[in-house]
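Below is one structure; the comments refer to it alone.
These values consider heavy atoms only, across backbone and side chains, with no hydrogens, waters or symmetry-generated copies.
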Amino acid sequence: MPELPEVETVRQTLTQLVLNKTIKEVKVSLPRIVRSPLLEDFENILPGKSITAIDRRGKFLLFRLSGGWTLISHLRMEGNYGVFASSEPVVKHTHVIFVFDDGTELRYRDVRQFGTMDLMKTDEVDNRPPINKLGPEPFAEDWTSDVFYKKLKSKKKNIKAALLDQEVVAGVGNIYADEILFRSKVAPMVVAADLSKQKAKSIYENTKQVLAEAIEAGGSSVKSYVNGQGKMGMFQQQLFVYQKHGQPCTVCGREILKTRVAGRGTHYCSKCQKS
DNA sequence: ACGATAGCCTGATAGC
DNA sequence: TGCTATCAGGCTATCG
């Protein structure tokens, strides 16, 4: 499940492989992946454009293209990119192929078919869906502990749901939400507005810490995630609670529990994490 | 306005 | 080559 650390790793690895390449042709075999603009326009605009940079916003990849265009790509659960020689066979579940003019291709594969692509002018990106509603980047200087605490004060939902809310902070998903709350010693079902300033600060700091460590490890390969070079991440070896239910907590020894919070599978230690 | 939830989708797995 | 139900979850639409 690509969250911020995985998307950031894809961004870094893919940049090495496709920067400055020029698109010759686009092949879309699953039209629903392309949300905007109309498929015909998507296929007509891209040829001739070169990739000038790859940026990231939350869990979105932003392919910056010549001519002032940006391709916004979300991997959702199992989307991934790879670069291949055009002569190589196309594997199953490949839905979009960007053919370059140098005999190579950027291929988008997505078993669950949940990923999305939007193409728009770069100057419109910040003011239109899916980017316009995103909250602060976790590593932005203006995202402070105080800003986070005040945001939590306005939320009646539980802290797990608040961390998953991309408008509160962009990029946290189910794996890292559980890990952040474990390290912060906060139970996932605690109402966000009820948290003390001290606890909010702990969650804030652990959010940055966990995400930074995960980026350093190349992300977490829990199910199918691989980076732009087809390599797995290593951070799954450093998880404390995610999918550790039934195993003893490495801190206190009590069995890690799994329940459902905010509609998501949620893993936590009922002794270490206080309500 | 906000919170909660269904639906999208395929493959792995558990249970019978 | 056993079959079926359940689960995995980020985001959007929809409902209350």
Side-chain angles (χ1 to χ4, degrees), chain A residues 1-11 28-36 56-62 72-81 91-96 108-118 120 125 128-135 137-138 150-181 188-195 207 211 214 219-226 232-233 236 239 241-246 256-268:
Chain A
M1 292 130 254
E3 304 179 27
L4 188 150
E6 291 74 32
V7 178
E8 175 60 22
T9 304
V10 171
R11 188 195 70 76
V28 180
S29 51
L30 185 67
R32 99 161 58 86
I33 299 286
V34 178
R35 290 194 303 193
S36 75
R56 180 192 56 73
R57 180 78 171 90
K59 301 174 198 170
F60 293 87
L61 280 173
L62 308 177
I72 304 171
S73 170
H74 199 301
L75 306 172
R76 295 291 179 98
M77 262 62 73
E78 301 192 31
N80 67 72
Y81 281 100
V91 297
K92 198 178 174 184
H93 304 301
T94 298
H95 306 308
V96 182
Y108 179 72
R109 182 170 182 265
D110 189 344
V111 171
R112 303 276 285 282
Q113 308 182 8
F114 277 8
T116 59
M117 294 184 191
D118 294 274
M120 64 186 74
V125 170
R128 279 179 52 182
I131 302 297
N132 60 337
K133 297 289 186 192
L134 283 183
E137 282 293 315
K150 289 190 169 103
K151 178 63 79 176
L152 291 185
K153 274 289 162 199
S154 72
K155 299 291 180 188
K156 290 193 174 72
K157 54 188 166 189
N158 57 54
I159 184 59
K160 168 93 187 231
L163 278 176
L164 293 175
D165 183 348
Q166 301 299 295
E167 191 261 332
V168 171
V169 59
V172 176
N174 205 40
I175 297 172
Y176 298 108
D178 282 1
E179 295 299 314
I180 290 163
L181 291 175
M189 57 289 288
V190 172
V191 174
D194 291 346
L195 287 160
T207 296
L211 294 178
S220 301
S221 291
V222 172
K223 192 172 181 195
S224 62
Y225 164 74
V226 291
M232 298 198 345
Q236 67 276 10
L239 298 174
V241 289
Y242 185 79
Q243 290 198 347
K244 302 292 184 188
H245 50 293
I256 300 294
L257 302 179
K258 180 176 181 183
T259 182
R260 207 154 185 89
V261 179
R264 297 283 172 260
T266 298
H267 317 73
Y268 71 108

| query | Where along nucleotides 5-11 of chain B does protein come under 4.0 Å, by heavy atom, of base (B) or sugar-phosphate alone (S), with - for untouched nucleotides? | reply | ---BBBS

| field | Strand contacts (DNA chain C) in residues 170-181 of chain A, 4.0 angstrom heavy-atom criterion | value |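 A:N174, in order of number.
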
With sequence neighbours left out, write down each residue that passes side chain to side chain donor-acceptor pair (under 3.5 Å) with [X], or none if nothing qualifies.
X	value
A:E137	A:R56, A:R57
A:K244	none
A:T9	none
A:N174	A:K160

| query | Roughly how far apart are A:S36 OG and A:M117 CE, rounded to 0.5 Å? | reply |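 If we round to the nearest 0.5 Å, A:S36:OG and A:M117:CE are 12.0 Å apart.
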
| message | C:dC11, OP1 or OP2 - any side-chain N/O from A:K59 closer than 4.0 Å? | response | yes

| said: If the cut-off is 4.0 Å, is A:R260 near the phosphate of C:dA8, judged by side-chain N/O to OP1 or OP2? | reply: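 Answer yes for this pair, as a side-chain N or O of A:R260 is under 4.0 Å from OP1 or OP2.
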
| said: Run the ring-ring contact (aromatic ring centres under 6.0 Å, His included) test against A:H74 and tell me which residues pass, sequence neighbours left out. | reply: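 Result, ring-ring contact (aromatic ring centres under 6.0 Å, His included) vs A:H74: A:F60.
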
| field | Pairing residues for A:Y268 by the ring-ring contact (aromatic ring centres under 6.0 Å, His included) criterion, not counting sequence neighbours | value |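 For A:Y268 there are no ring-ring contact (aromatic ring centres under 6.0 Å, His included) partners, ignoring immediate neighbours.
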
| field | End axis versus end axis in the helix from B:dC2-C:dG16 to B:dC16-C:dG2, the angle rounded to 10°, five pairs used at each terminus | value |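 Answer rounded to 10°: the end axes differ by 60°.
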
| task | Quick one: list whatever passes side chain to side chain contact (heavy atoms under 4.5 Å, CB included) with A:P2, sequence neighbours left out. | result | A:E6, A:V7, A:L75

| said: Looking only at side-chain N and O atoms, does A:D110 offer a donor or acceptor that is under 3.5 Å from a partner on A:H95? | reply: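 No, no side-chain donor-acceptor pair sits under 3.5 Å.
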
| task | May I ask you to decide if A:V190's main-chain N or O and A:N158's side chain share a donor-acceptor pair within less than 3.5 Å? | result | no

| Can you name the salt bridge (Lys or Arg N to Asp or Glu O under 4.0 Å) partners of A:R112, sequence neighbours left out? |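 Partners of A:R112 by the salt bridge (Lys or Arg N to Asp or Glu O under 4.0 Å) criterion, ordered by chain and then number, come out as A:E78.
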
Considering only nitrogen or oxygen atoms on both sides, find all protein atoms under 3.5 Å from nucleotides 2-4 of chain B and state each distance.
{"unit_1": "B:dG3", "atom_1": "OP1", "unit_2": "A:K156", "atom_2": "N", "d": "3.0"}

| Qualifying residue for salt bridge (charged side-chain N to carboxylate O under 4.0 Å, His left out) with A:E167, from A:K151, A:K157, A:K133 |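 Per the salt bridge (charged side-chain N to carboxylate O under 4.0 Å, His left out) rule, the option paired with A:E167 is A:K151, out of A:K151, A:K157, A:K133.
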
